[in-house]
Protein chains: 2
Amino acid sequence: MSQQDLYSIPIDDFFKSAFSVDCVIFGYDGKSLDVLLIKRGTEPFKDFWALPGDLVYPAEDLDVSANRVLHDLTSLDDIPVTQVHTFGKVNRHPLGRVITIAYTAIVEKSHLNPHPASWAEATEWHPVGDVPKLAFDHEEILGNALLHLKNLAKAEPLWANVLPKKFTLTQLQEFYEILFEKKFDKGNFRKKTRDMHFLQKLSELQKNVNHRPSALYEFDEQVYLEQKNVQDLLFDL
Amino acid sequence: MSQQDLYSIPIDDFFKSAFSVDCVIFGYDGKSLDVLLIKRGTEPFKDFWALPGDLVYPAEDLDVSANRVLHDLTSLDDIPVTQVHTFGKVNRHPLGRVITIAYTAIVEKSHLNPHPASWAEATEWHPVGDVPKLAFDHEEILGNALLHLKNLAKAEPLWANVLPKKFTLTQLQEFYEILFEKKFDKGNFRKKTRDMHFLQKLSELQKNVNHRPSALYEFDEQVYLEQKNVQDLLFDL
DNA sequence: AGGACTTATTGTAATAAATACAAAATCTAT
DNA sequence: ATAGATTTTGTATTTATTACAATAAGTCCT
C-alpha cells in the first residue's frame, strides 16, 4: 500500500478492527508447571484447545478485560495479570483483523477450581512440556509467555503467589528447579537466601515428615518493597 | 458490563476499534541520547509534540506498519524496531477506541536526516531528559520505552547500531555511561571487554587526537551470534 | 533406648569476578 | 626534550560462586 492510498481510505474504515486478550495462566502445585487451557465450544477452531481469550469490549480497559474474559470462560476471579506481548499478524484470526494482547500470571493450582462457562466446553491444566495443538497462534503466544515468566522470576519473587504462606527453603528451591528445569546445590542455594531479608524465618517447624523437619519461612512483603526501592535507586549495569 | 450483555452486542460492534503504532526512536551521537518527536499538523492534539505514530492499515502487519508510519512522517527508512508494550486505556484517544502498540529503536543521529512529511509539521530531536509536553499518553510511552531500552542494552550490543564502524573502547564505554547516566572505571571496563570476543581489535589507530591514540575495534557479528547461541543453550538462573 | 535413615543446615577450601587504585606506555604539541 | 593527555596494563583486596564434606535433628524401626 503506498502513501497515496492512505488518504483514499475513509477514516471509518480504520475502525473495523477488533482486539482480544489471551490469558496464559500458569499453575504450580509444587510438582509441575501447568498451563490452563479451554476447549473452544464455538467457531472458529471449535473443539480445539486454546488459551482463554476473547474480544475486548469497546469500553473496557485491557487489563480489566483480561480478568473479565478469564472469569467468563473459566470462573476464576481476581488473578493479577501482567502484559506480555501483542500479536498482530494480519491473518492470525479467520474472522477479520484481530490483534491480541497476551497477559500472563502464575497461580497456585491446588487452591483454584476453574470450570468452564460461556462458550468454553472444558477447562483443563496441561503440563507446559506437553501441550496439545492449539487454536490460532496460541502456541507461539504460550512459548512467548513462558519465556517472559522465566525472566520475571529472575527479578521478582513470583513464588510468593504460589507457595503456601509458610514454606521451607527446600520448597522455595524446588520452585526454581521446576521453572528452570535445572537442579541447584542445596548449600549454595541457602547461602543466597541468607541476605534476602524478606525471607522471615519463623520459630515454627515443618510437621508430619519422616525426617528432620525444616524451619518454616514467610515472605515479608514490606521488607521486600523497601529493598526493591533501594535497588531501583542504585540500579547499575 | 455483565456477562449477559456480551450476547446482546452484535459481533460487528466489536469491529469498531482501531489500533495505531507509535515509534520511540532514540538517537545517539556520542554525546547525548535524544528522542525523535514530530509536531502534529492535524487534530487531535494539533501543534503538540508527539511520538511519530499513526493508525495501522487493515491489512498491514504491526512491525511493517511501524516502519511505514515512521517513513510517512519522518522520511526515515528501514529502522529495525522492536515491540515494547501496548497501551489501551479506554479514553486515551479522543476520536474513539484506539489502542497503540509502541515500538522502539536506537539509531545514529548524525547519519540520519529526518524531515517532516504527511501531516507532520516538524521533526526534531529532543534530549531524553528534556522533553516537552506530549500529545496523548506519549509521555508514559516514552518513559516505558526508555526503561525497555536500558534493559535491552544489558543483554545485547545495542551500541553496534550507533557507534561508527571502527570505534575505540572509550567510545564504547561512553555509550554505556550516557545511557545509564553513570561513570565506570576505565581499567575495569576494559577488563570486561577482554572476553568479549566479538570485539575485534584492528591494527589501526585513532587519528587526529592530541594525545596517545587509542586502538580501533570492530564489531564481529558472526562471533557474537555464535556466542549468543551457546549462551541461550546453557542459560541459567 | 538405640541405631538406621533421611533430609536440614552449616561450613570450608578452591576458584572466579568485581573493585579500587596505581603505574607505565604512547601519542601530540610546544 | 619535555609537558600534557589519554590509553593500556597491572596488582592487591574484597566479594561472590562453586563443589563438596561434615554435622545436626528429627522419624522409624526393632
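Residue numbering restarts at 1 for every chain, and letters A, B, ... go by the order of the sequence lines.
- The CZ atom of F184(B) sits 13 Å away from the P atom of dA18(C) (whole-angstrom rounding).
- Nucleotides of DNA chain C nearest to P213(B) and N188(A) differ in position, and the one nearer the 5' end is that of N188(A).
- Side-chain proximity of H211(B) to the nucleotides dT6(D), dT10(C), dC27(C) is greatest for dT6(D).
- Of the two residues contacting DNA chain D, namely K191(B) and V209(A), the nearest-nucleotide position lying further toward the 5' end is that of K191(B).
- Ring geometry for Y176(B) against F180(B) counts as parallel: the plane angle stays under 30°, on a 0 to 90° scale with 60° as the upper cut.
- Using a 4.0 Å heavy-atom criterion, one finds that L169(B) contacts no nucleic acid atom at all.
- Looking at the side chain of R190(B), the nearest of the listed nucleotides dT9(C), dT9(D), dC27(C) is dT9(D).
- The aromatic rings of W159(A) and F198(A) lie parallel to each other, with less than 30° between the two planes, well short of the 60° mark.
- Straight-line distance from the CD atom of E204(A) to the C1' atom of dA25(D): 17 Å, rounded to whole Å.
- E156(B) CD: more than 12 foreign heavy atoms inside a 6.0 Å radius.
- The distance from atom CZ of F189(A) to atom C1' of dT7(C) is 16 Å, rounded to the nearest whole Å.
- Applying the 4.0 Å criterion to OP1 and OP2 of dT8(D), one finds that S214(B) has a side-chain N or O inside that range.
- The separation between N210(B) atom CG and dT30(C) atom P is 9 Å, rounded to whole Å.
- Among the nucleotides dA25(C), dG10(D), dC20(D), the one closest to any side-chain atom of R212(B) is dA25(C).
- Computed from coordinates, the D185(B) CG to dC21(C) P distance equals 9 Å when rounded to whole Å.
- Between R194(A) atom CZ and dT12(C) atom C1' the separation is 12 Å, expressed in whole Å.
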* Audit row: K109(B), Y28(B), side chain to side chain contact (heavy atoms under 4.5 Å, CB included) steps and yes/no -> CA-CA 5 Å; K109(B) 217 175 75 179; Y28(B) 180 76; 6.0 Å; no

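- Going from atom CG of L216(B) over to atom C1' of dC27(C) covers 14 Å, rounded to whole Å.
- Taking atom CG of residue L205(A) and atom P of nucleotide dT27(D), one finds them 10 Å apart after rounding to whole Å.
- Counting only N and O atoms by type, the side chains of T168(A) and S214(A) include no donor and acceptor under 3.5 Å apart.
- Looking at heavy-atom distances under 4.0 Å, T168(B) makes no contact with the nucleic acid at all.
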